[in-house]
Amino acid sequence: MEHPYEILLSQLLQKHPEHYEISVQGIPGERTYQMKSRLEIALQESEYDWVIILGGTNDLSVGDPAVILDNLTSMHRMSKESGAKSIVVTIPHVSSSSYPLHLIEKRKMINDELRKYAADQELPLADLEMHPDLTPNKDDEEHLKRIWDDTLHFTPQGYDEFAKVIYAAILPHL
């Protein structure tokens, strides 16, 4: 990822009197079970105030939705047990209109459950799936080019939109 969302998120957080340091732990191509294992180690090695949990896209084509959801919610529980607050982030859209319907349905089901989980646990929700600028419009080629680098990955402007959505979710809790 050449332009991670953390760049703009760091800039937005600098507007606050408290000092926030962002530690990027994401690995491109990683699946949620791998994230979960690494998060467990990271939480033992360092203290975090907030943990942003964004994952699941790489699991959709091979994973069971219940397992993906369990991995994601387990990471939120692990964060809480470590003393950190977590931000629930939904799995974003892809831009391809030829993306298999069964994968779209998996994403929607997992995201619906993530929304319920965030509400039940009173956690901030960064809903990338429902954000209008991150929803593909096949009739707007300029929008697609501005937000998506390819059918799955985002442009710098797309990742900046991630940052804005995450910032909006965390802002009331700062």
Side-chain angles (χ1 to χ4, degrees), residues 1-10 13 20-94 99-100 102-131 134 149-154 158-159 161-171 173-174:
M1 184 182 324
E2 294 178 23
H3 183 87
Y5 70 85
E6 295 87 12
I7 295 170
L8 180 60
L9 184 58
S10 291
L13 288 170
Y20 295 99
E21 181 179 323
I22 295 181
S23 170
V24 179
Q25 300 289 327
I27 296 178
E30 191 171 53
R31 294 189 37 214
T32 56
Y33 76 90
Q34 296 164 310
M35 291 172 59
K36 188 171 128 180
S37 297
R38 285 188 326 96
L39 180 61
E40 184 174 19
I41 294 166
L43 291 172
Q44 291 170 358
E45 293 177 349
S46 299
E47 273 188 39
Y48 297 95
D49 294 318
W50 288 94
V51 177
I52 300 167
I53 299 174
L54 167 58
T57 299
N58 297 320
D59 295 75
L60 290 176
S61 63
V62 293
D64 177 290
V67 173
I68 299 166
L69 183 64
D70 183 63
N71 287 336
L72 292 168
T73 57
S74 291
M75 288 186 271
H76 289 284
R77 287 190 299 275
M78 290 166 43
S79 298
K80 183 178 182 178
E81 289 166 7
S82 78
K85 300 173 196 91
S86 62
I87 301 170
V88 178
V89 183
T90 59
I91 302 169
H93 288 274
V94 297
Y99 197 65
H102 73 282
L103 298 182
I104 293 170
E105 292 303 319
K106 265 191 195 183
R107 186 197 74 236
K108 287 180 178 180
M109 192 273 308
I110 293 166
N111 285 343
D112 286 346
E113 292 301 317
L114 286 172
R115 288 181 193 97
K116 289 177 195 171
Y117 182 80
D120 291 346
Q121 299 299 312
E122 299 179 352
L123 295 172
L125 173 67
D127 200 340
L128 299 180
E129 181 185 42
M130 293 303 194
H131 191 277
L134 296 171
D149 190 34
D150 55 30
T151 58
L152 184 62
H153 301 97
F154 293 81
Y159 285 116
E161 289 302 321
F162 277 36
K164 292 173 189 175
V165 174
I166 292 167
Y167 179 71
I170 197 174
L171 184 60
H173 304 278
L174 297 179

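All values reported here derive from a predicted model rather than from experimental measurement.
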What distance do [X] atom [atom1] and [Y] atom [atom2] have between them, rounded to the nearest 0.5 Å?
| X | Y | atom1 | atom2 | value |
| --- | --- | --- | --- | --- |
| N71 | I110 | CG | CD1 | 10.0 Å |
| S46 | Q25 | OG | CD | 7.5 Å |
| Y33 | R38 | OH | CZ | 12.0 Å |
| H173 | D49 | NE2 | CG | 14.5 Å |
| D127 | L125 | CG | CG | 5.0 Å |
| I91 | L69 | CD1 | CG | 9.0 Å |

With a 4.5 Å cut-off on side-chain heavy atoms, are [Y] and [X] touching?
| X | Y | value |
| --- | --- | --- |
| V88 | T73 | no |
| L128 | N111 | no |
| I87 | V51 | no |
| L114 | L72 | yes |
| L9 | I52 | yes |

(request) Hey, could you give me each pair passing salt bridge (Lys or Arg N to Asp or Glu O under 4.0 Å) that has a residue in residues 68-94? Not counting sequence neighbours. (result)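 Every pair satisfying salt bridge (Lys or Arg N to Asp or Glu O under 4.0 Å) with a residue in residues 68-94: D70-R77.
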Quick check: closest heavy atoms across [X] and [Y], and the distance to 0.1 Å?
| X | Y | result |
| --- | --- | --- |
| F154 | F162 | CE1-CZ, 3.6 Å |
| P92 | R107 | O-CD, 3.4 Å |
| P124 | S86 | CD-O, 3.4 Å |
| S10 | I22 | OG-CD1, 3.2 Å |

Using residues 54-64 as the side-chain source, report each donor-acceptor pair under 3.5 Å to any protein atom, sequence neighbours left out, with the distance given to one decimal.
unit_1, atom_1, unit_2, atom_2, d
N58, ND2, E30, O, 2.9
D59, OD1, T32, N, 3.0
D59, OD2, T32, N, 3.3
D59, OD2, T32, OG1, 3.0
D64, OD1, A66, N, 2.7
D64, OD1, V67, N, 3.3

(request) Sequence neighbours left out, what passes side-chain hydrogen bond (donor to acceptor under 3.5 Å, both in side chains) with K106? Give chain and number order. (result)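 Listed in chain order: nothing, the list is empty.
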(request) Only counting residues at least two apart or in another chain, list the ones meeting side-chain hydrogen bond (donor to acceptor under 3.5 Å, both in side chains) with Y167. (result)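 Testing Y167 for side-chain hydrogen bond (donor to acceptor under 3.5 Å, both in side chains), a comparison that skips the adjacent residues, returns H16.
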(request) For S79 and A84, indicate whether the former's side chain and the latter's backbone hold a donor-acceptor pair under 3.5 Å. (result)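 Side chain of S79 to backbone of A84: no pair is present.
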(message) If we ignore hydrogens and angles and just use 3.5 Å, is the side chain of Q34 paired with the main-chain N or O of R31 as donor and acceptor?
(response) yes
(request) Not counting sequence neighbours, which residues clear salt bridge (charged side-chain N to carboxylate O under 4.0 Å, His left out) with D149? List them please. (result) none
(request) Enumerate the residue pairs fulfilling ring pair (Phe, Tyr, Trp, His ring centres under 6.0 Å) with a member in residues 39-91, sequence neighbours excluded, ordered by first and then second residue. (result)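 Those involving residues 39-91 are H76-Y117.
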(request) Could you walk me through whether L13 and L174 pass side chain to side chain contact (heavy atoms under 4.5 Å, CB included), step by step? (result) CA-CA 9 Å; L13 288 170; L174 297 179; 3.7 Å; yes
(message) Here's a test for you: under side-chain hydrogen bond (donor to acceptor under 3.5 Å, both in side chains), which of H93, R115, K108 qualifies with E129?
(response)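 Considering H93, R115, K108, a side-chain hydrogen bond (donor to acceptor under 3.5 Å, both in side chains) with E129 is found only for R115.
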(message) Looking only at the side chains, is there a donor atom on one of S23 and E21 sitting less than 3.5 Å from an acceptor on the other?
(response) no
